[in-house]
Amino acid sequence: MVKVTVDPLTRIEGHMRVSAEVDSKGYISSAQSAGMLFRGFERMLQGKDPRDASLHVARICGVCPISHSMTATNALDDLYGVAESIPANALAVRNFIQAANMIASHATHIYILFGPDLANPRYRDVLTSSTLGLGATGQAVWGELVGRFAPISYKIDGKAVPVGSSYINAIPEKKRLQEAIALFGGKMPHQAVTRAGGVTCTPTDAEITKAAAIYLKVMDFVNTYTLGVPVDQWVANTSKAKSPEAAVKFVADHLANLVSKTKNNDFSRANGWKDVELFAAFGSELIGEKILGLPASLRLDKIGGYTDPSKISFLSYGAYYKSGQDGYTPESKAGERFLTSGVVSGNLKYEELDPSKITESIQCAFYNDDVASRHPYDGTTVPVEDPALINYEGPVTSKYSWLKAPRYNGIPAEVGPLARLIVAQDPLIIGLAQAFAGAGMSPANVYTRMLARMHETAILANEIVNWLGSIDTANRKFATSLDFNAAKDGQGMGLWEAPRGALGHWVSGDGSGKIKNYQAIVPSTWNLGPRDENGIPSPVEQALIGNAISGIDNVLGADYTNPVAIMHVGRSYDPCIACAIHTIDATGKNAPKEYEL
Ligand code: NFE
């Protein structure tokens, strides 16, 4: 057995560590995922005025600050009892800035955080190896991968290939989207307009026009780089298809058509091979074998899946308020949001969301409590005090992470774009999930996670203009008033979706109008937490097991120094550990030795 540790795993910021036990044939037999940073927003919020929570929590993260402030705002709308009377105009503004942030975050992940892995030298070695004999086709695909996704300049046949075009051109799009958010939010990150009761801005027609113009620019990028089918056509034929079968057939036919008209290994954009199509070429059962003659074991849909459907589910709290109507229900009942809430089992059975079934376990996390698991309304955040107990290398039954372990009805849940669209029964994603399950494969894998992120970008891009257009500037009602007494002994729950998945905040009043308890369970905690008191591994810990350490089936032998599988599988969840721990102790008193401030 060889132990392979990747630390840090994330490109977004550090402090996520994955340690895997690899057997003598080069396959992962056990994995531990650890968050290594101790932060502390939940404790900091105690004793504060609840109305300020939406401002404080935005600082949990600079990538998804809209989602944190929005989720806090939802919890506060609930605490003050005003959720059902928030004006439609305020809900439209909230939808717009959330969707713009979601698209920016997805572009960051696809192109900056995950994309560079596709230009890993391992792909060069595999695609150009004589063992596989892909010849000129393999060379051409490698050239396209580097030309689009490489974060550095490579040399091919002695000639320098510039930094990847998709990688470099995605960056200004994020800036553009930040500007669109700032038009309403005042600034970005950490906008200040989503507050309990509504929003604090009153947009003008000129601002809406400007936001629409920025959006159109971003759509140029999506149409030029990401999708080989215009956004509206893609959505009409996939997300709005008559049936899952029709949606999958549309994509399969589109790809088959592309393959049939591709001659001389021309996988260029000009020939219709946009990023989603190129990604499919070696990522999917739909096409992988057809164009490259790849063995099935080389495909991305073969890695990062689950083997035991009874130990995993897919969870979404639902997101985006229904357009054109005042108010929403805080518990996000099924069918009440643009993307619906719910829980889908590992066997793809849907059930309605019951927020009382959510718990967090500290069994394997560096926190003390009398009981292993609690509902977040009763949750505590008490870090272990003895630095000697901070051991990321401990056995799987010990404490080994700063992330707690969230569970739904006692079962780990994957969250994120894939889970969101499985729960929403999106025809393309549910069609693919069913097809994979029918073929005895896991419905969740590296390919479906990445495809869902691209597909959700198209769905939101198609909808965002409607939300923008629904803002009625002649009607100046953007907020409702609050009864401050309502917060004294009350409780509030915010259930929302961040780019990386289900995000929940729970707040309770202390009887005097201050916050008594505040708990946040974030997407990366769901996906990347440790084991629980029943020894069940988290989603990523399950998804790593059984994979060849060098990815793509160790086809050229196991390379322990380039563990592509750990990178692909871990990064397919788009990890953000700053979000997942959200606790900082400025005295350093409770921090592990190596992190003392
Ligand atoms: Ni720091 Fe976040 C998102 C939240 S992390 S990015 O998306 O909440 O899981």
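Counting starts at 1 for both ligands and their atoms, following the listed order. Everything numeric here is computed off the predicted structure, so don't read it as measured data.
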Do you know which of R500, H455, E456 makes side-chain contact (heavy atoms from CB on, under 4.5 Å) with H106?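 With H106 as partner, R500, H455, E456 yield a single side-chain contact (heavy atoms from CB on, under 4.5 Å), made by E456.
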Below 4.0 angstrom from a heavy atom of [X], which ligand 1 atoms are there? Numbered from 1 as shown, please.
{"X": "A498", "result": "3 (C), 4 (C), 7 (O), 8 (O)"}
{"X": "R500", "result": "3 (C), 5 (S), 6 (S), 7 (O), 9 (O)"}
{"X": "C61", "result": "1 (Ni), 6 (S)"}
{"X": "S524", "result": "5 (S), 9 (O)"}
{"X": "C576", "result": "1 (Ni), 5 (S), 6 (S)"}
{"X": "L503", "result": "8 (O)"}
{"X": "P523", "result": "4 (C), 8 (O), 9 (O)"}
{"X": "H68", "result": "4 (C), 8 (O)"}

Below 2.8 Å, any N, O or S contact between C64 and atom 2 (Fe) of ligand 1?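 True for C64.
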If we count only N and O atoms by modelled type, under 3.5 Å, do the side chains of Y111 and R148 hold a donor and an acceptor together?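 The criterion, which ignores hydrogens and geometry beyond distance, is not satisfied for R148 and Y111.
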Is any NZ, NE, NH1 or NH2 atom of the basic residue among [X] and [Y] found under 4.0 Å from an Asp or Glu carboxylate oxygen of the other?
{"X": "R195", "Y": "D77", "value": "no"}
{"X": "E360", "Y": "R374", "value": "no"}
{"X": "K333", "Y": "E331", "value": "yes"}

Could you work out, with side-chain hydrogen bond (donor to acceptor under 3.5 Å, both in side chains) as the rule, every residue matching R59, not counting sequence neighbours?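 Listed in chain order: nothing, the list is empty.
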Can you tell me which residue among R43, H56, H505 is in a side-chain hydrogen bond (donor to acceptor under 3.5 Å, both in side chains) with Y518?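 Going through the options one by one, the only one that passes is H505.
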